Amino acid sequence: MRRRRYPSDTTDAEWALIEPLLPVPACQTPTGGRPEKHPRREIVDAIRYVVDTGCKWRALPADFPPWRTVWGYMARWAARGVVGQIRDALAGRVRRQMGKSPRAVATIIDSQSVKAAETVSRASRGYDPGKKINGRKRHLVVDTRGLPLLVMVTPADLHDSAAAKEVLFRLRLMHPEITIVWADSAYAGKLVTWAKRHLNLTIKTVSRPRDASGFVILPRRWVVERSLAWMMHARRHARDYERLVQHSETLITWAAITLMTRRLTRTSPRIPWTRKTTRTAGAARMKAQEAAVPATPPSSRVAFPREDTTAGPASTGRPAAGARALLRGRT
């Protein structure tokens, strides 16, 4: 068994969540198959290492399985929909931990344009004139807690309203319980009528206030913006390197899986930030520091005579003669 040495490696608690959600090995099925040569935990750790560090597949460290084996598992699990099932199962557990229903009924949608590397073909990339980016566009759907439910990657020149038809159609097939979708003004217009008529989905747009200037946090929309920022913590997603859009969607989903497993296995719960809790924590810290400083005993204190303000001009800033003599005697 490989020793855990990278920050992206799964802990025992995380692996206990992921292992039951993986498909049964072929050697244990009725049809039979060859036993797997490498442990699945090492395969998952290698995929998470690529997502977290952003390295090339061929640059996997030697203590991982061969990169072709790792890439093959990633592609096969993506084609069978295993990664999406893991994401949905973990999202349900996170929601239950928060005291919510495991199935969300309200969602938020948004897109993000990112540059594409030279490995991305011209057929799957485009130029976004609004963001001035030549690459791909990621369409993300999250619940009200920011947990990803669906991700779709398209060329960057495809407008949000045009791509939203495919995104919402997939969303309706995967999550038939969803009834409302929050979005920005790019999804307004004919898309609202189309979604209501064909998918029975209500799209509500949140527009920027007209009199607003500078950065403004908009209701509902900030949730999906935060989720996109979470995905960007994985360096693989700073730019799109995948030749196939399916693999790009899969690696983004793996980043979401890592976030959810770490949230579920977090030992110390985080306290929500507020001004009151910050002031309380600061006061407690100051009291602890004061208690740690030993008090000076009365016998060791030296009483200095008061400065004689009548001796010498006050503007010199020098102590009186009596104080100077006492200081000379001490030195």
Side-chain angles (χ1 to χ4, degrees), residues 1-94 97 117 119 147-148 151 153 230-268:
M1 178 63 69
R2 186 184 65 87
R3 184 170 64 89
R4 316 260 81 78
R5 65 181 65 188
Y6 304 110
S8 58
D9 288 342
T10 57
T11 62
D12 294 339
E14 287 183 285
W15 180 240
L17 294 173
I18 297 176
E19 185 181 16
L21 303 176
L22 295 175
V24 179
C27 60
Q28 300 179 10
T29 59
T31 56
R34 182 186 303 176
E36 298 178 352
K37 183 178 180 180
H38 302 279
R40 288 190 169 185
R41 185 172 181 178
E42 296 185 6
I43 300 294
V44 173
D45 287 345
I47 296 174
R48 288 167 53 130
Y49 180 87
V50 172
V51 173
D52 185 60
T53 62
C55 73
K56 300 179 181 179
W57 286 103
R58 290 175 174 83
L60 271 175
D63 55 344
F64 285 120
W67 73 267
R68 293 182 183 274
T69 303
V70 178
W71 187 91
Y73 272 95
M74 184 273 300
R76 288 193 296 271
W77 287 345
R80 295 179 58 181
V82 174
V83 184
Q85 295 174 6
I86 297 175
R87 175 200 59 207
D88 295 340
L90 293 177
R93 295 194 60 166
V94 174
Q97 191 181 66
T119 55
L147 302 177
V151 58
V153 178
W230 288 344
M231 300 300 107
M232 293 297 286
H233 288 172
R235 296 192 176 185
R236 186 74 178 189
H237 305 321
R239 181 172 296 199
D240 202 321
Y241 296 94
E242 311 308 318
R243 296 182 183 274
L244 301 179
V245 294
Q246 303 94 296
H247 297 166
S248 180
E249 297 168 358
T250 301
L251 295 185
I252 294 173
T253 307
W254 272 112
I257 290 173
T258 302
L259 289 172
M260 288 187 286
T261 55
R262 288 178 176 174
R263 180 179 296 185
L264 288 170
T265 58
R266 184 183 300 155
T267 55
S268 58

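Keep in mind the model is a prediction, meaning the values are calculated, not measured.
- Between atom NE2 of residue His38 and atom CZ of residue Arg40 there is a gap of 13.5 Å, rounded to the nearest 0.5 Å.
- For Arg262, the CZ atom counts as densely surrounded, since its 6.0 Å shell holds more than 12 non-hydrogen atoms of other residues, nucleotides or ligands.
- Annotation for Arg48 and Ser8: closest pair NE-O, 2.9 Å, computed over non-hydrogen atoms.
- Residues Glu249 and Val153 come closest through the heavy atom pair OE2-N, 3.0 Å.
- For Arg80, the CZ atom is loosely surrounded, since the number of other residues' heavy atoms within 6.0 Å does not exceed 12.
- In terms of heavy atoms, Thr119 sits closest to Tyr241 at OG1-O, 2.7 Å.
- For the 3.5 Å distance criterion, the side chains of Ser248 and Glu242 fail to qualify, holding no donor opposite an acceptor.
- Rounding to the nearest 0.5 angstrom, the gap separating the CG atom in Asp12 from the CD atom in Glu19 is 11.0 Å.
- Put simply, CG on Asp88 and CD1 on Ile257 are 9.5 Å apart, with the number rounded to the nearest 0.5 Å.
- To the nearest 0.5 Å, atom CG of residue Asp9 and atom CH2 of residue Trp15 are 12.0 Å apart.
- With hydrogens and angles ignored, the 3.5 Å screen pairs a side-chain donor or acceptor of His237 with a backbone N or O of Leu251.
- Asp63 and Arg3 are not joined by a salt bridge, as no carboxylate oxygen comes within less than 4.0 angstrom of a charged side-chain nitrogen.
- Taking every heavy atom of both residues into account, Leu60 and Pro65 meet most closely at CD1-O, 4.4 Å.
- Sparse packing is recorded around CZ of Arg93, with 12 or fewer heavy atoms of other residues, nucleotides or ligands lying under 6.0 Å away.
- Using a 4.5 Å heavy-atom threshold, the side chains of Val44 and Trp254 count as touching.
- The environment of Arg58 atom CZ is sparse: at most 12 non-hydrogen atoms of other residues, nucleotides or ligands sit within 6.0 angstrom.
- Nearest heavy atoms, Pro148 versus Met231: CG-CE, 4.2 Å.
- Counting only heavy atoms from C-beta outward, the side chains of Ile86 and Leu22 approach each other to under 4.5 Å.
- In the model, Thr10 has a side-chain atom that pairs as donor or acceptor with a side-chain atom of Arg41 under 3.5 Å.
- The shortest distance between side-chain heavy atoms of Thr250 and Trp77 does not fall below 4.5 Å.
- The CD1 atom of Ile18 lies 7.0 Å from the CG atom of Leu90; values are rounded to the nearest 0.5 Å.
- Residue Ala75 comes nearest to His247 through the heavy atom pair CB-NE2, 3.9 Å, listed as atom of the first residue, atom of the second, then distance.
- We find that Arg5 and Asp45 are not joined by a salt bridge, their nearest charged nitrogen and carboxylate oxygen being 4.0 Å or further apart.
- Looking only at distances, a side-chain donor or acceptor of Glu14 sits under 3.5 Å from a matching main-chain atom of Thr11.
- Here the NZ-CD distance, from Lys37 to Glu42, works out to 11.5 Å after rounding to the nearest 0.5 Å.
- In this structure a side-chain-to-backbone donor-acceptor pair under 3.5 Å is present from Arg236 to Cys55.
- With Phe64 as the fixed residue, the ring-ring contact (aromatic ring centres under 6.0 Å, His included) test singles out one of Tyr73, Tyr6, Trp71: Tyr6.
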